[in-house]
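Inspection log for the structure reproduced underneath, given as structure tokens.
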Amino acid sequence: MEVCSVTAPATVEEAEAIQDALRSRLDLAGPGPRDPALVAGVDVAYADDLLAAAVVVLDAASLDVVEQVTVPGRPAFDYVPGLLAFRELPSLVEALERLTVTPGLIVCDGYGLAHPRRFGLACHLGVLTGLPTIGVGKTAFVGSFDQPGRERGAWSDLLLDGQVTGRVLRTRDGVKPVFVSVGHRIDLETACRHVLALTPRHRLPETTRAADRLSRAALKTAMAASP
């Protein structure tokens with residue numbers, strides 16, 4: 001997979017300027033992929049000054065693992081709310097570049113448009129890879145919403161400054177919802193349909209669950225090898 005180079009900002013102002021410049025390249029028209037053969041999940045685990053980025057590609061029909069890659073590293077940017085992507089992008093991009101297959105959809109453990117600057121990790125990765133990308137968060141980062149119905153598939157709008165930036169989607173009956181927002185080259189309706197397809201048994205997408213397990217295991221290995 002070819003991924004655009006990552007610009008490493010030196011300051012908060014530079015990071016925000018990069019987000020502003022790349023935001024104009026977002027494709028939010030949709031509808032996006034209807035039946036992607038392969039779906040990738042990405043996640044990053046942290047411990048002190050170490051991190052491990054993981055990419056897991058699943059067969060969209062069977063949800064079996066097709067390929068997985070991990071890249072250990074160190075945070076590339078200080079923690080600043082709204083700029084988390086810059087800590088993770090170098091390692092995530094390297095992991096994506098090592099894939100021998102190209103997924104039709106990337107699912108991020110985080111946010112896309114549901115972000116204070118309308119440019120979360122899913123947007124950033126989408127622009128860099130050119131692939132359809134969505135964010136699925138465990139909690140609300142920004143915005144307001146009403147609780148959706150208790151049944152699987154129920155949803156409500158996630159609103160920020162009066163605009164719809166995502167959906168609060170119930171993936172399991174009576175279980176806390178997830179927060180879905182588009183990143184690039186997909187619309188919200190299609191994104192939510194894919195999230196439901198990726199959650200046949202659990203609250204979180206199987207892509208996220210697989211990438212989370214892999215990143216934690218890779219971090220444990222990196223910690224053991226660190227002096």
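Here the structure is a predicted model, which means the values were calculated and not measured.
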Taking everything shown except Asp146 itself, do over 12 heavy atoms lie less than 6.0 Å from its CG? no

Do Asp109 and Lys138 meet the salt-bridge criterion of a basic N to acidic O distance under 4.0 Å? yes

In this structure, are over 12 heavy atoms from other groups packed under 6.0 Å from Arg117 atom CZ? yes

Please tell me if the side chains of Leu92 and Leu121 come closer than 4.5 Å, counting only heavy atoms from C-beta onward. yes

Glu14, CD atom: more than 12 neighbouring heavy atoms under 6.0 Å: yes

Evaluate the criterion side chain to side chain contact (heavy atoms under 4.5 Å, CB included) for residue pair Leu50 and Met223; output intermediate values, then yes/no. CA-CA 7 Å; Leu50 293 175; Met223 291 173 63; 4.0 Å; yes

Check the pair Phe119 / His124 against side chain to side chain contact (heavy atoms under 4.5 Å, CB included), numbers first and verdict last. CA-CA 7 Å; Phe119 200 78; His124 211 140; 3.6 Å; yes

Leu58 vs Glu206, test: side chain to side chain contact (heavy atoms under 4.5 Å, CB included). Steps then yes/no. CA-CA 8 Å; Leu58 303 184; Glu206 290 301 309; 3.9 Å; yes

Does any non-hydrogen side-chain atom of Leu158 lie less than 4.5 Å from one of Val164? no

Ignoring hydrogens and angles, state whether a donor on the side chain of His202 or Arg172 is under 3.5 Å from an acceptor on the partner side chain. no

Is any side-chain heavy atom of Thr171 closer than 4.5 Å to one of Val195? yes

Do Pro177 and Gln147 touch side chain to side chain, with heavy atoms closer than 4.5 Å? yes

Group every Ile, Leu, Val, Met, Phe, Trp and Tyr by side-chain heavy-atom contacts under 4.5 Å, then state whether Leu188 and Val178 land in the same group. yes

Can you tell if the side chain of Leu131 reaches within under 4.5 Å of the side chain of Thr102, non-hydrogen atoms only? yes

Answer yes if the side chains of Arg152 and Thr199 hold a donor-acceptor pair under 3.5 Å, and no otherwise. yes

Taking side chain as C-beta onward, heavy atoms only, is Leu84 less than 4.5 Å from Tyr79? yes

Is a side-chain donor-acceptor pair under 3.5 Å present for Gln19 with Arg118? no

Approximate separation, where rounding is to 0.5 Å, of Phe179 CZ and Phe141 CZ: 13.0 Å

Residue Arg74 excluded, over 12 heavy atoms near CZ under 6.0 Å: yes

Let me see the working for Ile18 and Leu22 under side chain to side chain contact (heavy atoms under 4.5 Å, CB included), right down to the final yes or no. CA-CA 6 Å; Ile18 291 170; Leu22 294 181; 3.9 Å; yes

Distance col, row Leu63:CG vs Thr207:OG1, nearest 0.5 angstrom, shows 8.5 Å

With hydrophobic residues grouped by side-chain heavy-atom distances under 4.5 Å, do Ile106 and Ile186 end up in a single group? no

Are Asp212 and Arg209 within salt-bridge range, i.e. N to O under 4.0 Å? no

Check whether any side-chain heavy atom of Leu128 sits under 4.5 Å from a side-chain heavy atom of Leu89, and report yes or no. yes

Residues Glu94, Arg98: salt bridge by 4.0 Å N-O rule: yes

